[in-house]
Amino acid sequence: MLLDIGHANVFADLERTTLEALIEPVLDVVALFHVHDNLGARRRDGGGFAFDPLRLDLHLAPGVGTLAWEPIARSLADHAAPLLMEIHPSHRSPADALREALRAVVLGEPVRDVSALESLPNFLG
């Protein structure tokens with residue numbers, strides 16, 4: 001199966017569960033990961049469907065949104081399936097910045113080229 005980490009983040013948020021609890025049961029059948037970040041379900045006060053469904057999944061660079069990477073990083077790093085970044089063109093930074101961002105969130109490696117990350121959009125502040 002193809003497991004889309006960003007889509008799983010939105011769904012986990014809607015279901016009020018953790019991303020790791022959602023993906024753990026299917027890891028043994030994953031053949032490819034689509035990797036991107038987003039802002040989750042972005043619930044408003046009152047819960048329910050008080051959100052704009054067309055704006056949930058922004059396909060942001062890893063680490064730019066609210067996805068909790070640390071709890072799933074080891075599962076992604078240790079898995080044999082490839083990680084394919086799926087970043088929307090309007091949020092796409094140069095390849096070296098995206099590579100640095102992915103290595104930072106999945107492998108926990110220190111960022112080697114901080115200037116590359118300066119080209120990533122800032123959606124959280």
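The structure displayed is predicted, hence computed values, not measured ones. When reading the values below, keep in mind they use all heavy atoms of this one structure, side chains included, and skip hydrogens, waters and symmetry mates.
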CG of Leu3 to CG of Leu27: how many Å apart, nearest 0.5 Å?
7.0 Å
For Leu32, side chain to side chain contact (heavy atoms under 4.5 Å, CB included) partners two or more places apart
Leu2, His34, Pro82, Leu84
Checking Asp13 side chain against Ala41 main chain: does a donor-acceptor pair fall under 3.5 Å?
yes
Short question: side chain of Asp37, backbone of Gly65 - any donor-acceptor pair under 3.5 Å?
yes
For residues Arg92 and Leu98, determine if any side-chain heavy atom of one lies less than 4.5 Å from a side-chain heavy atom of the other.
yes
Looking at every non-hydrogen atom in both residues, tell me the closest pair between Leu102 and Pro62 and how far apart they are.
CD1-CG, 4.0 Å
Please determine whether the number of non-hydrogen atoms from other residues, nucleotides or ligands lying under 6.0 Å from atom CD of Glu86 exceeds 12.
yes
Side-chain contact test, heavy atoms from C-beta onward, threshold under 4.5 Å: evaluate it for Leu67 versus Leu39 and give yes or no.
no
Are the side chain of Asn38 and the backbone N or O of Gly6 linked by a donor-acceptor pair below 3.5 Å?
yes
Working to the nearest 0.5 Å, report the span between CE of Met85 and CG of Leu60.
13.0 Å
Run the side-chain contact (heavy atoms from CB on, under 4.5 Å) check on Glu20 and Ser75 step by step: do they pass?
CA-CA 9 Å; Glu20 59 271 25; Ser75 294; over 6 Å; no
Measure the shortest side-chain to side-chain distance between Val106 and Phe33 over non-hydrogen atoms and say whether it is less than 4.5 angstrom.
no
What class does the angle between the rings of His59 and His36 fall in, given that below 30° is parallel, 30 to 60° is tilted and above 60° is perpendicular?
parallel
Candidate pair Asp4 and Phe11, rule side-chain contact (heavy atoms from CB on, under 4.5 Å), full reasoning
CA-CA 11 Å; Asp4 191 305; Phe11 189 76; over 6 Å; no
Given side chains that start at C-beta, do those of Leu58 and Ser90 come closer than 4.5 Å, heavy atoms only?
no
CA sep, side-chain torsions, deciding dist, call: Leu19, Ile23, side-chain contact (heavy atoms from CB on, under 4.5 Å)
CA-CA 6 Å; Leu19 182 56; Ile23 70 171; 4.0 Å; yes
Which atom names give the shortest non-hydrogen contact between Ala81 and Val30, and what distance separates them?
CB-O, 3.9 Å
Interatomic spacing from CG in Leu107 to CG in Leu76 - rounded to 0.5 Å
9.5 Å
